[in-house]
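Written below as structure tokens is the structure these notes are about.
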Amino acid sequence: MVVMDVLSNALSAIYNAEVRAKSEVVLWPASKLVLNVLRVLQREGYIGEFEYIDDGRWGKIKVQLLGRINKIGVVKPRHPVSYRELEEFPEWLKRYLPAYNIGILIVSTPQGVMSHKEAVEKKTGGVLLGYCY
């Protein structure tokens, strides 16, 4: 089976498990990008603990869900955003979040994957990967 977008599959699996009120979900295949996005979601309090399971092939990730995610998804195409755009939050960025100061945008920056709030604090831009609220 060919998986075209590992991050999209992982976030869709998390959303589907949250809608069905599951307490955990197993994501596969695992990747460094998915692990970094999960670290951001954990720091922001949307998910609990997660662990990487090495099965000798592509790996799996078991994620504990806390029931705090209303919507999660990827941004396609992955838009580059500057520090100024993240700070001023123009109209085209507002369509991913329901209201001011609710939810996070996940941004891949030269300093690593982080939320848009952390990117503004560090005064760096990057590429939008996804959103969560």
Side-chain angles (χ1 to χ4, degrees):
M1 184 173 104
V2 177
V3 178
M4 299 299 287
D5 191 349
V6 175
L7 181 62
S8 178
N9 286 351
L11 297 186
S12 294
I14 289 173
Y15 177 70
N16 290 334
E18 282 276 355
V19 167
R20 285 156 185 81
K22 302 287 184 182
S23 62
E24 67 179 32
V25 63
V26 176
L27 309 174
W28 66 273
S31 75
K32 288 180 185 176
L33 181 62
V34 172
L35 286 170
N36 288 332
V37 169
L38 290 176
R39 283 188 191 104
V40 171
L41 293 174
Q42 187 181 38
R43 256 195 322 263
E44 296 290 330
Y46 288 104
I47 63 170
E49 298 294 321
F50 61 92
E51 71 173 304
Y52 175 76
I53 302 168
D54 187 11
D55 61 354
R57 293 186 287 180
W58 45 74
K60 296 177 181 178
I61 305 169
K62 187 194 287 186
V63 180
Q64 176 191 15
L65 301 176
L66 302 175
R68 296 183 181 157
I69 297 175
N70 291 316
K71 183 73 178 163
I72 187 169
V74 296
V75 174
K76 285 186 178 178
R78 294 185 175 156
H79 298 284
V81 291
S82 66
Y83 158 69
R84 293 282 177 219
E85 288 174 321
L86 287 174
E87 189 178 53
E88 295 168 1
F89 228 69
E91 280 298 318
W92 69 272
L93 271 179
K94 290 179 183 174
R95 68 180 171 174
Y96 297 112
L97 299 178
Y100 177 74
N101 226 3
I102 294 178
I104 59 167
L105 294 171
I106 302 165
V107 184
S108 176
T109 69
Q111 299 171 7
V113 177
M114 59 184 73
S115 71
H116 74 281
K117 296 171 190 172
E118 292 171 315
V120 168
E121 287 175 7
K122 294 182 179 182
K123 297 186 177 183
T124 184
V127 177
L128 280 180
L129 296 177
Y131 59 90
C132 180
Y133 55 87

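- Screening L35, L38, I53 against L27 for a side chain to side chain contact (heavy atoms under 4.5 Å, CB included) leaves a single residue, L38.
- Of all heavy-atom pairs spanning Y15 and N70, the tightest one is CE1-O, 3.3 Å.
- Partners of Y83 according to the side chain to side chain donor-acceptor pair (under 3.5 Å) rule, which considers only residues two or more places apart in sequence or in another chain, are E87.
- Using a 4.5 Å heavy-atom cutoff, the side chains of V34 and N9 are not in contact.
- Within the 4.5 Å cutoff, the side chain of V25 has no heavy atoms near those of the N16 side chain.
- The CE atom of M114 lies 6.5 Å from the OG1 atom of T124; values are rounded to the nearest 0.5 Å.
- In this structure, the side chain of Q64 does not engage the main chain of E24 through any donor-acceptor pair within 3.5 Å.
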> When you look at L93 and L86, which way does the side chain to side chain contact (heavy atoms under 4.5 Å, CB included) test go after all the steps?
Replying inline: CA-CA 8 Å; L93 271 179; L86 287 174; 4.3 Å; yes
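- Between L33 atom CG and S108 atom OG the span is 7.0 Å, to the nearest 0.5 Å.
- With hydrophobic clusters built from ILVMFWY side chains whose heavy atoms lie under 4.5 angstrom apart, Y131 does not share a cluster with Y100.
- For residues 38-65, the pairs satisfying ring pair (Phe, Tyr, Trp, His ring centres under 6.0 Å) are W28-W58, with sequence neighbours left out.
- Within a 6.0 Å radius of CZ in R84, other residues, nucleotides and ligands contribute 12 heavy atoms or fewer.
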Using the rule given for side chain to side chain contact (heavy atoms under 4.5 Å, CB included), can you reason through L41 versus V63, listing the C-alpha separation, both sets of side-chain angles and the distance that settles it, and then say yes or no? CA-CA 11 Å; L41 293 174; V63 180; over 6 Å; no
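- Among all heavy-atom pairs drawn from G125 and P110, the shortest one is O-CD, 3.6 Å.
- Two residues are said to be in side-chain contact when any heavy atoms from C-beta on lie closer than 4.5 Å; R43 and I104 fail this criterion.
- In terms of the side chain to side chain donor-acceptor pair (under 3.5 Å) criterion, residue partners of E44 (sequence neighbours excluded) are, by chain and number, S115.
- K76 contributes atom NZ, which lies 4.0 Å from atom CG of D5 (distance to the nearest 0.5 angstrom).
- Contacts classified as salt bridge (Lys or Arg N to Asp or Glu O under 4.0 Å) and involving residues 49-66 (residues at least two apart or in different chains) are not found.
- Residue pairs satisfying the side chain to side chain donor-acceptor pair (under 3.5 Å) criterion with at least one member in residues 32-41, sequence neighbours excluded, are listed as follows: N36-R39.
- Between F89 and N101, every side-chain heavy-atom pair lies at or beyond the 4.5 Å cut-off.
- Hydrophobic clustering (ILVMFWY, side-chain heavy atoms < 4.5 Å, transitive): V74 and V19 are in one cluster.
- In this structure, S31 and V6 approach most closely via the heavy-atom pair OG-CG1, 3.9 Å.
- Here CG of L97 is found 8.0 Å from OH of Y133. Values are rounded to the nearest 0.5 Å.
- The CD1 atom of I72 sits 5.5 Å away from atom CD1 of I106, with the distance rounded to the nearest 0.5 Å.
- For K71, there are no side chain to side chain donor-acceptor pair (under 3.5 Å) partners, not counting sequence neighbours.
- L66 and I69 end up in different hydrophobic clusters when Ile, Leu, Val, Met, Phe, Trp and Tyr side chains are linked at under 4.5 Å.
- Under the 4.5 Å side-chain heavy-atom criterion for ILVMFWY residues, a single connected hydrophobic cluster contains both V75 and I102.
- Looking at H116, its side chain does come within 3.5 Å of a backbone N or O of L105 through a donor-acceptor pair.
- The structure places CD of E18 at 9.5 Å from CD1 of I47, a figure rounded to the nearest 0.5 Å.
- If you chain together hydrophobic residues whose side chains sit under 4.5 Å apart, L7 and I14 fall into the same group.
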